[in-house]
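Let me begin by presenting the structure, written as structure tokens, before commenting on it.
As the structure lists them, so they are numbered: ligands from 1, and atoms in each ligand from 1. This is a predicted model, so every value here is computed, not measured.
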Amino acid sequence: MMRLLKPLLASVALCSLLSLPARAELDVAKLKTTIEASVENEYPKLDALYKDIHAHPEIAFQEVKTAAKLAAEMRAIGFEVTEQVGKTGLVAIYKNGDGPTIMVRTELDALPMEEKTGLPYASHDKTNWNGRETPVAHSCGHDIHMASWVGTAKTLVGLKDQWHGTLMFIAQPAEEEIAGAKAMLADGLFTRFKKPDFGFALHDGPFSYGYVSYRVGIGSSNSDSLFIKFHGRGGHGAAPQRTIDPVMIAARFIVDVQSVISREKDPTEFGVVSIGAIHAGTAENIIPDDALVLGTIRTFKPEVRAKMLAGIERTAKAAAAMSDAPAPEIKITEGAKAVMNDPVVVATAEKVLKAAFGDKMRVTPPGTPSEDFSEFANAGVPSMMFNIGVYELERFVAASNGTGPELPSNHSPLFAPVPKPTIETGIKAMTLAVLSAFDQHARGK
Ligand SMILES: [Zn+2]
Ligand SMILES: [Zn+2]
């Protein structure tokens, strides 16, 4: 609850600081036409940038060439760029008089996986990851975000008579490892540079291009990694009475832990625990000493998270105790925290985006993946993250009503956004969202 209230109060306080003379509301229809013309004009360059980044992806904290390409683009637009913030991250600043500082984030990283789209600009690149050679692909669409980010910067600078303040465009490394936002903050993102008054980010997803979806409040899940090592006493499979069987303890835990979800957690609240890996033993007739269980825990609310962590730990200890085994080793590593969209920032952007996109701007339920954009909101920046679609409407409708094939989602080797309308929607929506925040502030509301 505090998490929801704090950004709300911060936004209200910031907005009421200024009591400038009343300004006319933004003329969204006129702005939309201007933005569309600017994007159309810029698109050939953005298309080339997108396809270059797509064909040459780089994974978490290796995004050196990608960052250099974006730094050059932003300098050409007139931004002052600082490189290597949080290892490979960028901070690009554009000052345009007195007013709030508004942050726009893109991610830089791709995924360690093979692209199978067969597109002419598909990635064939490989890299070294954890000591192994792996193919790399932009299968989460962060390349779409980068092209939209550069396009938004260009468009906002072209519209600089419409707003006053500072643009703080950041390019964050290692989103896929939920490490880049923390790395940038630890490297002085909000101390070496001014802490922004508002923050925005977008993410693409497998729905129709031209559409924008958003949420008020919780936007993504808390994610925790689970590591449990059950200790037993190894021996002959034919003489189990002389052993303590850790495989059976692990099996009991894997089944019983789901009762934390079904019996302990409020059924109306979101919570998931999935065991993704079990490692134990070598041969069919040897009872091993240990069994290792790895899993992921996803929740939206801190109180649900606390309840689930306690239940998971208790179930693991009880499973071991039933076999008179030593206590298991339990490690729970906190990953991303849930993204909380600020109600005031969302209400402001929503008005303008609805005027521009009509019924193509929709509220959706929170998503269960995780995202480290939450780090910036938790550091005190009232923020909004929204989603844009990437596929043709007809394909989306056919997939939804079962008359066409499923559409590949993010992280699929077949994920293939249609670049032009997707990037154009990203630029249009992000430009209007940023303008709405400048405008709201200038009108002292
Ligand atoms: Zn991803
Ligand atoms: Zn992503």
For a quick check under 3.5 Å, do Asp125 and Ser123 share a side-chain donor-acceptor pair by atom type?
no
With the Zn ion (ligand 2) as the point of reference, which N/O/S atom of His203 is the closest?
NE2
Test side-chain contact (heavy atoms from CB on, under 4.5 Å) applied to Thr299 - qualifying residues, sequence neighbours left out:
Asn222, Val304, Arg305, Met308
Closest non-hydrogen atoms of Leu108 and Pro173, given as atom of the first, atom of the second and distance, are CD1-N, 4.0 Å
The Zn ion (ligand 2) contact by His145, N, O or S atom under 2.8 Å:
no
What are the protein N/O/S atoms, named by residue and atom, that sit under 2.8 Å from the Zn ion (ligand 1)?
Cys140 SG, Glu176 OE1, Glu176 OE2, His411 NE2
Do the two ring centres, one from Tyr391 and one from Phe396, sit under 6.0 Å apart?
no
Using the ring of each side chain (for Trp, its six-membered ring), is His138 parallel, tilted or perpendicular to His54, with breaks at 30° and 60°?
tilted
Which class fits the ring pair His145 and His203: parallel under 30°, tilted 30 to 60°, perpendicular over 60°?
perpendicular
Does either side chain, that of Ser221 or that of Ser370, offer a donor lying less than 3.5 Å from an acceptor on the other one?
yes
